[in-house]
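Down below is the structure, laid out as structure tokens.
Just so it is clear, the values below take in all heavy atoms, side chains as well, and ignore hydrogens, waters and symmetry mates. These numbers were taken from a predicted model, which means no experiment stands behind them.
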Amino acid sequence: MFFTDGKLQYPVRVDTPDPLFARALQQAIGGIEGEIRVAMQYFFQACGARGDAKFRDLLMNTAAEELGHIEMLATAVALNLEGAPLSIREEVAADPVGGAVLGGINLKNLLSSGLAAMPVDSDGVPFDMSHIYASGNIAADMTANVAAEATGRVLAVRLYGMTSDPGMKDMLSFLIARDTMHQNQWLAALEELGGHQGAFPIPNSFPQDQEQLEFSYAFLGFQQDGKDAVAGRWSQGQSIDGKGSFKAGPTMAMGQKPVLARAKPNSGAQAEQM
């Protein structure tokens, strides 16, 4: 169950409306790095979380917070669109705000929503949920969440650099701070799950002695110039999960050339393929 009191999670103000920035903000709503993505990701992870209930509560509370971020950003989009024309006329091009509408903002915000936010990215493409990762494995989900918050924070920082509006900078600085917290809370959850030596490799429930251990910690390089594989932390020393040692693996092909059966009659193939 969700509740709302009609107030924004954090104050949103726009000192100078900027329709072009409204379009940019749409990426933070409906882009693959945006708030709809993380809200739905955490929500579905929570709905499928098994085991210790505190992880479900962690996910569901953060999902609710992200819904609040969508509300903040949608309000910011609408405020940035205030003053934009509701009709397109020749004289609009001479108007600074109207000219911005014709010069680059997403016309969907005008034609489909009446100068309001939409569940789309900055190009007007609807978010289709294809980037929602909810695996049912709590450690895998927490790892995916770190990446989601990292790309979200990258986007928020870019948006922060695109605007000179004090109100927008204030709102974005709050969202950036929350991304900092969320990155850290998912890492803290991974630590509670055993950290890099307890949680990994994911799933830790699969017996590693059933793997082909020769390849479990071998870095495979495929440079055609014959040089050794790229040297780095990933190719020497103890593995990060503490369960093996990195090494350079074989770079020669170990399999056979693929040979397929002839094409079947009436399969649409050429006669020479049958």
Can you name the nearest heavy-atom pair linking A22 to N80, along with the distance?
-> CB-CB, 3.8 Å
R233 CZ: over 12 foreign heavy atoms closer than 6.0 Å | yes
Residues that, via side-chain heavy atoms closer than 4.5 angstrom, fall in one hydrophobic cluster with F215 = M254
Shortest non-hydrogen separation from T143 to I202 and the atoms involved | OG1-CD1, 3.9 Å
Which atom names give the shortest non-hydrogen contact between F127 and I32, and what distance separates them?
-> CE1-CA, 4.2 Å
Between M274 and A269, which heavy-atom pair has the shortest distance, and what is it?
-> CE-O, 3.5 Å
Is there side-chain contact between L59 and I138, with at least one heavy-atom pair below 4.5 Å?
-> yes
M171 and L73: CA distance, side-chain angles, deciding distance, side chain to side chain contact (heavy atoms under 4.5 Å, CB included) verdict | CA-CA 9 Å; M171 178 194 75; L73 287 162; 3.7 Å; yes
Verdict with supporting geometry, H196 and D241, side chain to side chain contact (heavy atoms under 4.5 Å, CB included) = CA-CA 5 Å; H196 57 272; D241 62 16; 5.9 Å; no
So do F246 and Q238 actually touch side chain to side chain, heavy atoms under 4.5 Å?
-> no
Any chance you could lay out the side chain to side chain contact (heavy atoms under 4.5 Å, CB included) test for M168 and D18, step after step, and finish with the verdict?
-> CA-CA 10 Å; M168 288 294 87; D18 182 350; over 6 Å; no
Do H182 and E65 touch side chain to side chain, with heavy atoms closer than 4.5 Å?
-> yes
Considering only distance and modelled atom types, tabulate donor-acceptor pairs under 3.5 Å from the side chains of residues 38-45, sequence neighbours left out.
unit_1, atom_1, unit_2, atom_2, d
Q41, OE1, R37, NE, 3.0
Q41, OE1, Y133, N, 3.1
Q41, NE2, N145, OD1, 2.8
Y42, OH, E149, OE2, 2.6
Y42, OH, W186, NE1, 3.4
Q45, OE1, N145, ND2, 2.8
Q45, NE2, Y133, O, 2.7
Q45, NE2, N145, OD1, 2.9

Could you tell me whether R23 and D123 make a salt bridge, using a distance below 4.0 angstrom between a side-chain N and a carboxylate O?
-> yes
For atom CD of Q208, is the number of surrounding heavy atoms from other residues, nucleotides or ligands below 6.0 Å larger than 12?
-> yes
Rounded distance (nearest 0.5 Å) linking atom CD of Q26 with atom CE of M118 | 7.5 Å
Go through E33 and V154 one step at a time and tell me if the side chain to side chain contact (heavy atoms under 4.5 Å, CB included) criterion holds.
-> CA-CA 9 Å; E33 318 93 331; V154 168; over 6 Å; no
In terms of heavy-atom contacts, N204 and G198 come closest through ND2-O, 3.0 Å
Is there side-chain contact between F174 and M72, with heavy atoms separated by less than 4.5 Å?
-> yes
Side-chain heavy atoms of R153 within contact of I176, under 4.5 Å = yes
With sequence neighbours left out, write down each residue that passes side-chain hydrogen bond (donor to acceptor under 3.5 Å, both in side chains) with D57, or none if nothing qualifies.
-> none
Below 4.5 Å, heavy atoms only, C-beta onward: do S245 and Q236 meet side chain to side chain?
-> no
Find out whether the Lys NZ or Arg CZ of K247 is both under 6.0 angstrom from the six-membered ring centre of Y217 and within 45° of the ring's axis.
-> no
S216 versus E211, side-chain donor and acceptor atoms under 3.5 Å = yes
Side-chain touch E71/Q9, heavy atoms, less than 4.5 angstrom | no
Step through the shown structure and confirm whether more than 12 heavy atoms of other residues, nucleotides or ligands are within 6.0 Å of CD on Q212.
-> no
Same hydrophobic cluster for L175 and M181, using side-chain heavy-atom links shorter than 4.5 Å among ILVMFWY?
-> no
So D128 and S130, side chain to side chain donor-acceptor pair (under 3.5 Å) or not? Walk me through it.
-> CA-CA 6 Å; D128 66 0; S130 62; 2.8 Å; yes
